[in-house]
2 protein chains.
Amino acid sequence: MLITANPIEHLQSHGIKPSPQRIAVMDYLLNSRMHPTADEIYLALSPSMPTLSKTTVYNTLKLLVEAGAVLNISIDEKNARYDGDTRPHAHFRCLKCGAVLDLYPEQVPYLEQIDRQQLGRLRIVQTRLYYIGYCEQCQEHTSN
Amino acid sequence: MLITANPIEHLQSHGIKPSPQRIAVMDYLLNSRMHPTADEIYLALSPSMPTLSKTTVYNTLKLLVEAGAVLNISIDEKNARYDGDTRPHAHFRCLKCGAVLDLYPEQVPYLEQIDRQQLGRLRIVQTRLYYIGYCEQCQEHTSN
DNA sequence: AGTACTTTTGTACTCATTACAAATATGTAC
DNA sequence: GTACATATTTGTAATGAGTACAAAAGTACT
């Protein structure tokens, strides 16, 4: 479970006016640990919000990322993924099944230090730490 | 300057048969610190190799990455970038000018530890550490 | 110089994402 | 509440990175 359960408050605390579409996208991201793509979000919300447009999903995600309410994950070369959990954490992608998993500071020694690093005169806005390999299940089933 | 100056040896040491096109791409990556995109590589090599096809650049890059001779950098959402330096190091991208810079272990405390981490039963093949923000020059010229 | 295999090339295609302009909703002043 | 300005959403068309595919060119081996 995440810190903020309420999508409306989460939007407002990041200075975003909560429209029904924005609430739906934010709510979906706050309650998913699947790191969905824009298309997956659209497909998930369409049934209960039939007039929703894919463009709105893209626009909303852009807005949320720029406001810092959501993280953009570039671990998957094919397409962008999104994460409603903005606390510092790393991600792992399985080369076989494609799953993207969260790795929290308890599981990744030095993650906190790496995340809040001062690097010379660079002004760091965001840190991304990605691990790529084979998850437990995918190691069992293959020689790869 | 990099460890291996010779593109042919570098290819062979990764089990890749050196064709003229592969040598050209490898040579370009070994002597560039710009982290070029496939298109930038194509444009750079075209003049001296007029028959070169963009498909060949893509094919070659895929081959080089799979053989571990080159790194794929996913820090730039728009398109993939490539790095001929396969030693462990992090990358920084400037949100204003778009430059992608190398950050070596001397500049990033804990990078070595983060890179060779054992994470439970996950089998890690590659670690990617990206910092995003504003470079020195771009901070000077704006309020951002 | 002939056959099998590898590599390169060009064209056509896919598909994530964006541009754009019309339509709808929301807020505010009278 | 109704008219006007502004913000948001929507659908369609375009963009552009990357891939599929099959023909052409190159290489190796006999």
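All values reported here derive from a predicted model rather than from experimental measurement. In the text below, chain A, chain B and the rest are named by the order of the sequence lines, each starting its count at 1.
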**Message:** Using whole Å, what does the distance between atom P of nucleotide C:dC15 and atom NZ of B:K78 come to?
**Reply:** 20 Å
**Spacing between A:E66 atom CD and C:dT18 atom P, to the nearest angstrom** = 10 Å
**Test salt bridge (charged side-chain N to carboxylate O under 4.0 Å, His left out) applied to A:K62 and B:E77, step by step** = CA-CA 12 Å; A:K62 189 177 199 175; B:E77 354 270 12; over 6 Å; no
**Prompt:** Just to confirm, is there a sub-4.0 Å distance from OP1 or OP2 of D:dA17 to any side-chain nitrogen or oxygen of B:T37?
**Reply:** no
**Message:** Does a side-chain N or O of A:Y58 approach OP1 or OP2 of C:dT17 to a distance below 4.0 Å, or not?
**Reply:** yes
**Separation of C:dT17 C1' from B:N79 CG (nearest whole Å)** = 13 Å
**Message:** By nearest heavy atom, map B:A38 and B:P20 onto DNA chain D; which one lands nearer the 5' end?
**Reply:** B:A38
**Prompt:** Do you know which of B:R33, B:R81, B:R93, B:R87 makes salt bridge (charged side-chain N to carboxylate O under 4.0 Å, His left out) with B:D102?
**Reply:** B:R33
**Message:** For a 4.5 angstrom cut-off between non-hydrogen side-chain atoms, does B:Y131 reach A:L122?
**Reply:** no
**Request:** Mind checking B:N59 for me? I need base, sugar-phosphate or nothing, with any heavy atom below 4.0 Å counting as a touch.
**Result:** base
**Request:** Starting from P on C:dT17, measure out to OH on A:Y42 and report it in whole angstrom.
**Result:** 15 Å
**Message:** Determine whether a donor-acceptor pair (one donor, one acceptor, N or O, separation below 3.5 Å) exists between the side chain of A:T51 and the base of D:dT9.
**Reply:** no
**Message:** If I take atom CD1 in residue B:I23 and atom C1' in nucleotide D:dG26, what distance separates them, rounded to the nearest angstrom?
**Reply:** 14 Å
**Asked** How about B:I124 and B:L119: do any of their side-chain heavy atoms sit closer than 4.5 Å?
**Response** yes
**Asked** Under 4.0 Å between a side-chain N or O of B:Q21 and OP1 or OP2 of C:dT9?
**Response** yes
**Side-chain H-bond candidate by donor/acceptor type, A:D27 with A:H10, under 3.5 Å** = no
**Prompt:** Pick the nucleotide of DNA chain D nearest each of B:K17 and B:A80; which residue has the one closer to the 5' end?
**Reply:** B:A80
**Request:** In whole angstrom, give the distance that lies between atom CD1 of B:I16 and atom P of C:dT7.
**Result:** 10 Å
**Prompt:** Atom CZ of B:R22 to atom P of C:dT6: distance rounded to whole Å?
**Reply:** 11 Å
**Request:** Please check the phosphate of C:dT9 (OP1 and OP2 only) for any side-chain N or O of B:T56 closer than 4.0 Å.
**Result:** yes
**Prompt:** For D:dT27, does OP1 or OP2 lie under 4.0 Å from any side-chain N or O of B:S19?
**Reply:** no
**Request:** Round to a whole Å and report the spacing from NZ of B:K54 to P of D:dG16.
**Result:** 11 Å
